[in-house]
Protein chains: 2
Amino acid sequence: MVANEAKAELAAGKLAEYEQLSKIYDDIVKQTRPHLTVEGQGKILLALTDEDHQSQRQLATHLGMSPQSTSEFVAKLAKRNLVTLSKSTKDRRVNLVSLTDAGRQEITSAAQEVPPFLQALSEAEQDQLAALLTKITNAMYADIDAANPTLGVKFHKLFAAHYLKRFKK
Amino acid sequence: MVANEAKAELAAGKLAEYEQLSKIYDDIVKQTRPHLTVEGQGKILLALTDEDHQSQRQLATHLGMSPQSTSEFVAKLAKRNLVTLSKSTKDRRVNLVSLTDAGRQEITSAAQEVPPFLQALSEAEQDQLAALLTKITNAMYADIDAANPTLGVKFHKLFAAHYLKRFKK
DNA sequence: AAAATATCATAAGGGCCCCTGATTAATATG
DNA sequence: CATATTAATCAGGGGCCCTTATGATATTTT
């Protein structure tokens with residue numbers, strides 16, 4: 001095995017280790033805190049952050065999931081009081097999904113959450129890490145876009161809008 | 001908000017972005033490839049990597065899960081031909097769980113998998129990333145150990161043994 | 001007005017991870 | 001030998017994500 005392959009493997013292993021470890025970390029160390037995912041209910045919240053008051057149809061097509069799944073997740077979010085449903089006045093078939101204050105709060109607090117272990121890095125190192133990860137995620141976005149433009153572009157926009165919001169203004 | 005908080009938040013956001021993005025990446029870009037997790041079946045495989053031929057009882061206590069769950073995951077792994085079950089000769093109640101060649105293969109191939117997006121980094125950057133992640137995971141291990149010594153230590157050993165194996169020899 | 005279409009909800013199912021409770025089979029203990 | 005105790009399994013459940021099939025309601029099209 002050549003040297004640079006070994007470096008890449010080490011980095012890959014560390015990334016995998018971090019990913020898996022963060023699950024244990026969340027389970028054991030931290031109190032239950034809002035945690036956004038790109039699946040299920042989290043996906044819906046993210047999409048609503050991008051654009052509020054969407055119909056379930058819109059959500060389903062934007063997110064590439066079946067309307068039935070969308071319905072299920074929206075119902076769960078409504079039960080958690082993170083979104084509200086309201087019938088459209090123009091078309092009484094459609095159910096507009098809107099974020100509640102609690103829903104917005106859920107998103108922003110998840111975004112502002114800084115896990116304690118990041119304090120192990122100096123400011124300079126945090127900068128380095130962010131820069132490296134940006135390179136990686138950009139490469140991932142490129143690959144995703146190459147494989148499936150619509151979905152990839154959509155998520156790119158969602159994430160960018162979400163995580164970089166406060167740095168733009 | 002002070003400057004260093006902003007840096008930490010950016011780094012945290014990038015980490016979260018990477019984590020979520022890697023799910024999409026796996027779904028969309030890559031062919032289904034072996035992927036180890038610290039949950040369910042993956043947990044069992046990892047434990048067997050640490051020490052093969054364990055009884056389900058041992059696995060359950062080592063991994064901190066119920067014997068029933070252990071039984072379920074072992075059965076699934078057996079169905080996938082990644083482990084074999086054999087009754088102990090000394091105590092015919094116990095079912096020794098052993099990795100098959102396919103099981104071992106599953107683990108090593110998952111460990112050697114280098115995702116394409118890592119090629120976006122130079123060798124020096126891969127080194128940097130590995131170093132930063134090592135600091136982070138060490139901090140996580142410390143926190144986990146503080147909260148729950150046995151589990152944390154156990155996983156630490158598992159991961160270390162697993163991901164660093166080839167660099168030790 | 002009738003037919004086609006669109007939106008949404010419900011039901012059923014499958015996969016994953018996990019649990020508690022009860023049962024069978026084997027071993028250890030009194 | 002009778003009675004725990006132990007290993008493992010079965011049964012049932014809960015939560016998550018996600019699917020297809022089906023039906024109800026509302027709107028558009030003809």
Side-chain angles (χ1 to χ4, degrees), chain A residues 19-20 22-24 26-28 32 34-47 53-80 82-98 106 151 155, chain B residues 19-20 23-24 26-28 32 34-47 53-80 82-98 151 155:
Chain A
E19 277 184 70
Q20 296 306 314
S22 65
K23 292 184 194 170
I24 304 174
D26 278 354
D27 273 358
I28 300 188
T32 46
H35 199 62
L36 285 186
T37 56
V38 292
E39 298 157 334
Q41 304 176 43
K43 217 170 180 175
I44 307 280
L45 283 183
L46 244 9
H53 315 297
Q54 293 188 61
S55 74
Q56 297 188 191
R57 235 287 159 253
Q58 288 177 300
L59 286 171
T61 48
H62 284 351
L63 296 175
M65 60 167 70
S66 71
Q68 293 88 332
S69 300
T70 307
S71 176
E72 175 190 336
F73 298 135
V74 164
K76 285 179 179 175
L77 288 171
K79 192 164 294 174
R80 293 168 61 195
L82 299 181
V83 303
T84 53
L85 284 291
S86 57
K87 295 196 195 74
S88 163
T89 51
K90 338 184 70 169
D91 186 338
R92 290 207 309 276
R93 288 172 301 183
V94 326
N95 246 333
L96 270 345
V97 185
S98 308
E106 181 88 0
L151 257 186
F155 277 122
Chain B
E19 278 184 69
Q20 297 305 315
K23 292 183 194 171
I24 303 174
D26 278 354
D27 274 358
I28 299 188
T32 45
H35 198 62
L36 284 186
T37 56
V38 293
E39 296 158 335
Q41 304 177 42
K43 214 171 181 174
I44 308 280
L45 283 182
L46 245 9
H53 314 298
Q54 293 188 60
S55 74
Q56 297 189 191
R57 236 284 162 257
Q58 287 177 300
L59 286 171
T61 48
H62 284 353
L63 296 176
M65 62 166 68
S66 72
Q68 293 91 328
S69 299
T70 307
S71 176
E72 176 188 334
F73 299 136
V74 164
K76 286 179 179 175
L77 288 170
K79 191 164 294 176
R80 293 170 58 197
L82 299 181
V83 303
T84 53
L85 285 291
S86 55
K87 293 195 197 74
S88 163
T89 52
K90 339 184 69 168
D91 186 338
R92 291 205 309 276
R93 287 172 303 182
V94 326
N95 248 333
L96 269 346
V97 186
S98 308
L151 257 186
F155 277 120

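Per chain, numbering begins at 1; letters A, B, ... match sequence-line order.
Atom pair A:I24:CD1 and C:dC17:C1' shows a separation of 15 Å (rounding to whole Å applied). Atom-to-atom, NZ of A:K43 to C1' of D:dT19 comes out at 13 Å; the value is rounded to the nearest Å. Going from atom CE of B:M65 over to atom C1' of D:dA8 covers 15 Å, rounded to whole Å. Here D:dA7 presents its P atom at 15 Å from NZ of B:K90, a figure rounded to the nearest Å. Atom-to-atom, CZ of B:F73 to C1' of D:dT9 comes out at 15 Å; the value is rounded to the nearest Å. Between the P atom of C:dC16 and the NZ atom of A:K23 lies a distance of 14 Å, rounded to the nearest Å. For B:I44 and C:dC18, the CD1 to C1' distance is 12 Å, given to the nearest whole Å. Across the protein-nucleic acid pair, B:L77 atom CG and C:dG15 atom C1' stand 15 Å apart, rounded to whole Å.
Of the candidate nucleotides C:dC17, C:dT27, D:dC17, C:dC17 has the atom nearest to the side chain of B:Q41. Closest to the B:K76 side chain, of the nucleotides D:dT27, C:dC18, C:dC16, is C:dC16.
Taking CZ of B:R80 as the reference point, atom NZ of B:K76 lies at 10.0 Å (rounded to 0.5 Å). Remark: B:L46 CG to A:Q20 CD distance equals 8.5 Å, nearest 0.5 Å.
For D:dC17, neither phosphate oxygen OP1 nor OP2 lies less than 4.0 angstrom from any side-chain nitrogen or oxygen of A:S69.
When each of B:L59, B:T70, B:T84 is paired with B:V97, the side-chain contact (heavy atoms from CB on, under 4.5 Å) condition holds for B:L59 and for no other.
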Distances under 3.5 Å between nitrogen or oxygen atoms of protein and nucleotides 8-14 of chain C:
residue : atom : partner : partner atom : Å
C:dC8   : OP1  : A:N95   : N            : 2.6
C:dC8   : OP2  : A:R57   : N            : 2.7
C:dC8   : O3'  : A:N95   : ND2          : 3.3
C:dA9   : OP1  : A:N95   : ND2          : 3.0
C:dA9   : OP2  : A:Q56   : OE1          : 2.9
C:dA9   : OP2  : A:Q56   : NE2          : 2.7
C:dA9   : OP2  : A:S71   : OG           : 2.8

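Between the A:T61 side chain and the A:R57 main chain, a donor and an acceptor come within less than 3.5 Å of each other. Remark: side-chain polar atoms of A:Q54 are paired, donor with acceptor, to backbone N or O of A:A47 under 3.5 angstrom.
Side-chain contact between B:T37 and A:K23 is present, with heavy atoms from C-beta onward closer than 4.5 Å. Looking only at side-chain heavy atoms (C-beta outward), A:I44 and A:V83 stay at 4.5 Å or farther from each other.
Checking A:R80 against A:R92, the closest nucleotide of DNA chain D that is more toward the 5' end is the one next to A:R80.
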